[in-house]
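Working notes, beginning with the structure itself.
Sequence lines set the chain letters: A, B, ... in the order given, protein chains first and strands last, and positions in each chain run from 1. We use all heavy atoms of the structure for the numbers below, so side chains are in, but hydrogens, waters and symmetry mates are not. Everything quoted here is computed from the prediction, not taken from an experiment.
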Protein chains: 2
Amino acid sequence: MARIAGSSGPRTEEAIRRAGLRLIATHGYAAMSLRQLAAEVGIQQGSLYNYFRNKQEFLFDLIRGHMLDLHAALDAALLAEGSADARLTRFTEFHVAYHVERPQEVFICYSELRSLEPDNLAAVVAMRRDYERKLGDILDHGRATGEFRLADTRMATLAILAMLSGICTWYKPGGRLSTDGLQEIFTGMVLALARGGATETVAVRPRRREALRAGIG
Amino acid sequence: MARIAGSSGPRTEEAIRRAGLRLIATHGYAAMSLRQLAAEVGIQQGSLYNYFRNKQEFLFDLIRGHMLDLHAALDAALLAEGSADARLTRFTEFHVAYHVERPQEVFICYSELRSLEPDNLAAVVAMRRDYERKLGDILDHGRATGEFRLADTRMATLAILAMLSGICTWYKPGGRLSTDGLQEIFTGMVLALARGGATETVAVRPRRREALRAGIG
DNA sequence: GTCTATAGCTAGATAGAC
DNA sequence: GTCTATCTAGCTATAGAC
């Protein structure tokens, strides 16, 4: 907040990054003014242009940088071998931990895709597809080995990612559950979802799916 | 798009509502200008103020109206009696159908909470809690009867809602799956998640949850 | 209810001194 | 690298004629 006297490149750059993450996560990219951002950092608005060419480039740098980090960290965490069960467990634990550690970046990566210009959006979407594919591969493998019983692995991929990514919309440090606790609970739910089955033994599943639409419009 | 000559209150009102939904869902509330909105409707920007007092009130009306519809439709769809299994199935089918029918409203209700002023936000959050509680009650009931095996029903509530609500981020009419197909697939996944268990019989679950954090920072 | 016109303000971006 | 000053454009909201 306080003004930093003199020239201090790298420190200012990092301060801008952090303030930008916070402001965009809180108010959204379009609602964040560069004057706000500069004030948060403790510099004048014009000085920001020593760190990016325009506001859009700033957003893209934030998102792209995060996606690169995410991919690198995932690759380091994933198991090359092992049962689909073990691999899905590892994926889930990684994903949960990452969302708990960096909720702002993750949230922005989902919520501000709409604010990216077409070329920038295309680049990010491609990276996101790669990430989805890594989960999709695990699910496909599990279905092939019979470990998982999934009606549709593509839908399961989207469902699991949405379920896990939802964490960053409500997680606050210091809450009821620790990272370990969250990992355990979410791993349990994801595995149960993937293993599916066990259904027939419990009850006859009601299959009537009548026209709920009628109650909606 | 085309200019509608003369006075036409109710038609204009509905046109504004629809255009607003589309623009906010696509570009976001802060990024949508009232000039854009007026152009989409085919009137002049100043004329919008015959339909709301200011931009914030417009957003709040959209979100609040949708939440009221959602609650009414849910109450009509839910089962008062029956097994937790049947009730959860019904809830899921309803939720999926609603999201497929009105993806824009639903998306805005999640993504534009940040754009609501404090009082308006509080009102919407309260309505959202009611909705969550209806799902939470089903899960609690299922756990009490032994139908469901959930480590944490609050987390399960959030997980299921995130999973289902994610639909509105990728669903497009005319896609691979029909509403019925989506209902069946998601009902299967939600029930599997809620029933949990069946785990011990499949494989020894790897419990190591080592410091993945190290690979993140 | 719609129009035209405009007030009053804030936005992103640039220029040039230090 | 930071500052001050400013340009141009866009925004929300209002006033008053029809």
Indicate the ring-plane relationship of B/Phe186 and B/Trp170, choosing parallel, tilted or perpendicular according to the 30° and 60° boundaries.
parallel
A/Phe52 CZ to D/dT2 P, in whole Å, measures 12 Å
List the atom of B/Gly28, the atom of A/Arg114, and the distance in Å for their closest heavy-atom pair.
CA-NH1, 2.8 Å
Between C1' of C/dT10 and CG of A/Leu34, the distance in whole Å:
12 Å
Classify the nucleic acid contact of B/Tyr51 as base, sugar-phosphate or nothing, counting any heavy atom under 4.0 Å across all strands shown.
sugar-phosphate
A/Glu112 side chain to A/Tyr29 main-chain N or O, any donor-acceptor pair under 3.5 Å?
yes
Rounded to whole Å, NZ of B/Lys55 lies from C1' of D/dT14 at a distance of 17 Å
Rounded to whole Å, CD of A/Gln45 lies from P of D/dG1 at a distance of 17 Å
Would the base of D/dG10 count as contacting B/Arg35 through its side chain, where contact means a donor and an acceptor less than 3.5 Å apart?
no
So, is B/Ser47 close to the C/dC3 phosphate, meaning a side-chain N or O under 4.0 Å from OP1 or OP2?
yes
Separation of atom OH in A/Tyr49 from atom C1' in D/dC3, rounded to whole Å
16 Å
Pairwise side-chain contact, B/Leu62 with B/Arg17, heavy-atom cut-off 4.5 Å (strictly under)
yes
Could you tell me how far apart B/Leu23 (CG) and D/dT12 (P) are, to the nearest whole angstrom?
12 Å
Measure from CZ on A/Phe58 to C1' on C/dA13 and round the result to the nearest Å.
16 Å
Taking only the side-chain nitrogens and oxygens of A/Thr12, find out if one of them lies under 4.0 Å from OP1 or OP2 of D/dG1.
no
Expressed as a whole number of angstroms, how long is the span from A/Leu37:CG to D/dT2:P?
13 Å
Under a plain distance cut-off of 3.5 Å, with no hydrogens placed, do B/Arg102 and B/His66 share a side-chain donor-acceptor pair?
no
OP1, OP2 of D/dG1 versus side-chain N and O of A/Ser8: anything below 4.0 Å?
no
At under 4.0 Å, does any side-chain N or O of A/Gln44 touch on OP1 or OP2 of D/dT4?
yes
Nearest-neighbour nucleotide for the A/Ser33 side chain, D/dC11, C/dG12, D/dG1 considered
C/dG12
From the candidates C/dG12, C/dC3, D/dT2, the one with an atom nearest any side-chain atom of A/Asn50 is D/dT2
